[in-house]
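Take a look at the structure set out below.
All of these numbers come straight from a predicted model, not from anything done at the bench. In what follows, every chain begins at residue 1, and chains take the letters A, B, ... in the order their sequences are listed.
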There are 2 protein chains.
Amino acid sequence: MKPGEALKCWHDVNMYMVHDEQPDLSVRQMAILLTIYLEAPPHTVRGLAKRLGVTKPVITRALNTMGRHDLVDRRRDENDRRNVLVQRTVTGALYLEKLADLIAEKAR
Amino acid sequence: MKPGEALKCWHDVNMYMVHDEQPDLSVRQMAILLTIYLEAPPHTVRGLAKRLGVTKPVITRALNTMGRHDLVDRRRDENDRRNVLVQRTVTGALYLEKLADLIAEKAR
DNA sequence: ACACATCGTTTCGGATGCGTATCATCTTTG
DNA sequence: CAAAGATGATACGCATCCGAAACGATGTGT
């Protein structure tokens with residue numbers, strides 16, 4: 001894939017997101033969501049903050065927002081009740097599945 | 001390209017943007033920037049607003065923000081001085097060139 | 001038990017973005 | 001020329017997000 005084609009694909013997907021997207025996910029929120037769904041669990045607030053190079057409140061707020069849209073879920077870690085385990089949801093999986101199909105289609 | 005690969009590529013690029021990006025461009029700003037650089041000029045505020053399906057102030061504000069970072073430039077249309085012609089800059093072209101290379105690399 | 005460390009959340013002041021409504025400027029029309 | 005239309009910018013109130021700091025809850029070590 002050539003850089004020019006890559007940019008056009010990126011543009012197409014961004015345009016789709018601007019038009020369609022119900023909740024307007026920021027780049028950071030998208031990065032968090034994808035990390036949760038693509039990388040191996042468990043996912044904690046601290047871990048995600050370190051992975052993305054942002055502060056903890058950023059993660060907390062993003063989880064609040066995405067949780068409101070049922071894209072992610074939170075649960076206490078019963079082994080160490082200080083931790084919060086971030087978990088996937090059906091809604092989130094469907095959302096990313098749709099996005100994946102869109103990107104794959106535009107990448108052609 | 002399969003959906004799973006597409007999503008991973010998307011993730012990689014988003015992660016890079018969160019880590020590196022000096023100005024944190026939103027999805028809308030990115031869509032505007034790419035429209036300016038990929039689609040045929042002339043680009044006006046009204047035209048961009050219609051193209052993206054957002055209101056005019058959204059475009060004005062995005063141009064302010066991106067103009068501060070020298071990613072775009074504005075100029076009066078001398079034929080019809082009501083219009084503002086949005087123009088590309090060297091900084092913006094370099095920025096997108098780097099992004100294009102990154103996407104193309106991650107898409108492999 | 002007690003002090004200390006760790007984790008997630010909340011608070012604070014400030015910055016930015018949003019849509020609606022309005023404004024200033026310029027152009028076209030009668 | 002005056003009125004109407006078009007265009008981009010601005011004012012307003014609201015919502016969200018940011019990082020730093022403080023906080024409550026939980027775990028660890030002595």
Side-chain angles (χ1 to χ4, degrees), chain A residues 14-15 17-36 41-88, chain B residues 14-15 17-36 41-88:
Chain A
N14 271 285
M15 290 295 283
M17 291 174 75
V18 169
H19 275 103
D20 163 276
E21 206 170 12
Q22 309 286 19
D24 214 9
L25 287 195
S26 71
V27 174
R28 285 169 153 202
Q29 291 169 337
M30 178 64 76
I32 294 170
L33 188 65
L34 284 167
T35 301
I36 295 167
H43 297 291
T44 64
V45 171
R46 186 149 194 94
L48 290 169
K50 187 159 195 173
R51 181 83 177 86
L52 300 198
V54 298
T55 58
K56 287 187 295 176
V58 169
I59 306 296
T60 294
R61 282 187 293 255
L63 293 181
N64 289 342
T65 302
M66 295 191 290
R68 258 178 257 133
H69 299 301
D70 285 321
L71 294 174
V72 296
D73 196 12
R74 269 188 278 209
R75 186 183 293 179
R76 277 283 162 199
D77 180 354
E78 291 304 331
N79 289 10
D80 183 343
R81 293 185 50 77
R82 289 173 304 182
N83 287 335
V84 160
L85 301 180
V86 184
Q87 303 191 310
R88 303 161 190 174
Chain B
N14 271 285
M15 291 296 285
M17 292 175 74
V18 170
H19 275 103
D20 162 277
E21 207 170 11
Q22 307 286 20
D24 215 8
L25 287 195
S26 72
V27 174
R28 288 155 94 117
Q29 291 170 337
M30 179 64 75
I32 294 170
L33 189 64
L34 284 167
T35 300
I36 294 166
H43 298 292
T44 64
V45 171
R46 185 156 193 90
L48 290 169
K50 187 160 195 173
R51 180 84 178 85
L52 299 197
V54 298
T55 59
K56 287 188 296 178
V58 169
I59 305 296
T60 295
R61 280 187 295 255
L63 294 181
N64 289 342
T65 302
M66 294 191 290
R68 257 178 257 133
H69 298 303
D70 285 323
L71 294 175
V72 297
D73 196 11
R74 268 188 279 207
R75 194 164 138 203
R76 277 285 162 197
D77 179 354
E78 290 303 331
N79 290 9
D80 184 342
R81 292 183 50 76
R82 289 172 302 183
N83 286 335
V84 159
L85 301 180
V86 184
Q87 303 190 308
R88 303 162 189 173

>> Tell me the interatomic distance from R46(B), atom CZ, to dC26(C), atom C1', rounded to whole angstroms.
In response: 15 Å
> Of all the choices, dC17(D), dG19(D), dG17(C), which nucleotide is nearest to the side chain of Q29(A) once you look at every atom?
Replying inline: dC17(D)
>> Does any part of the side chain of V27(B), heavy atoms only, come nearer than 4.5 Å to the side chain of L25(A), both counted from C-beta?
In response: no
> Looking only at heavy atoms, which two atoms of I32(A) and L52(A) are closest? And how far apart?
Replying inline: CG1-CD1, 3.1 Å
> Reckon V54(A) touches a base, only the sugar-phosphate, or nothing at all at heavy-atom distances under 4.0 Å?
Replying inline: nothing
>> Among dC18(C), dT9(C), dA21(C), which nucleotide has an atom closest to any side-chain atom of R28(B)?
In response: dC18(C)
Give every donor-acceptor pair under 3.5 Å between a side-chain atom in residues 57-71 of chain A and any protein atom, sequence neighbours left out.
{"residue": "N64(A)", "atom": "OD1", "partner": "R74(A)", "partner atom": "NH2", "Å": "2.3"}
{"residue": "N64(A)", "atom": "ND2", "partner": "T60(A)", "partner atom": "O", "Å": "3.4"}
{"residue": "T65(A)", "atom": "OG1", "partner": "R61(A)", "partner atom": "O", "Å": "3.1"}

> Could you give the distance from CZ (R75(A)) to CG (L85(A)), rounded to the nearest 0.5 Å?
Replying inline: 8.5 Å
> Listed by chain and number, what are the side-chain hydrogen bond (donor to acceptor under 3.5 Å, both in side chains) partners of R81(A), not counting sequence neighbours?
Replying inline: E78(A)
> Does R88(A) have any side-chain hydrogen bond (donor to acceptor under 3.5 Å, both in side chains) partners at least two apart in sequence or in another chain, and if so, which?
Replying inline: none
>> Once side-chain hydrogen bond (donor to acceptor under 3.5 Å, both in side chains) is applied, what residue pairs with a partner in residues 43-57 of chain A remain, sequence neighbours excluded?
In response: E39(A)-R51(A)
> Between the axis at one end of the helix from dA1(C)-dT30(D) to dG30(C)-dC1(D) and the axis at the other (five pairs apiece), what's the angle to 10 degrees?
Replying inline: 10°
>> Output one letter per nucleotide in nucleotides 24-30 of chain D: B when a protein non-hydrogen atom lies under 4.0 Å from the base, S when only the sugar-phosphate is that close, - when neither is.
In response: --BS---
> M30(A) CE to dC17(D) C1': how many Å, rounded?
Replying inline: 17 Å
>> Does dT16(C) have its OP1 or OP2 closer than 4.0 Å to a side-chain nitrogen or oxygen of S26(B)?
In response: no
> Would one find a side-chain N or O of N83(B) under 4.0 angstrom from OP1 or OP2 of dC26(C)?
Replying inline: no
> Between I32(A) (CD1) and dT16(D) (C1'), how many Å, whole number?
Replying inline: 14 Å
> Roughly how far, to the nearest 0.5 Å, is the OG atom of S26(B) from the CZ atom of R28(A)?
Replying inline: 13.0 Å
>> Could you work out, with salt bridge (charged side-chain N to carboxylate O under 4.0 Å, His left out) as the rule, every residue matching D80(A), not counting sequence neighbours?
In response: R82(A)
>> Starting the side chain at C-beta, find the nucleotide from dA21(C), dA21(D), dG8(C) nearest to P57(A).
In response: dA21(D)
> How many angstroms lie between CG in N83(A) and CG in D77(A), if you round to the nearest 0.5 Å?
Replying inline: 5.0 Å
> Which parts of residues 59-74 of chain A get close to DNA chain D, meaning a heavy atom less than 4.0 angstrom away?
Replying inline: R61(A), T65(A)
>> Output the rounded distance in Å from NZ (K56(A)) to P (dT9(C)).
In response: 9 Å
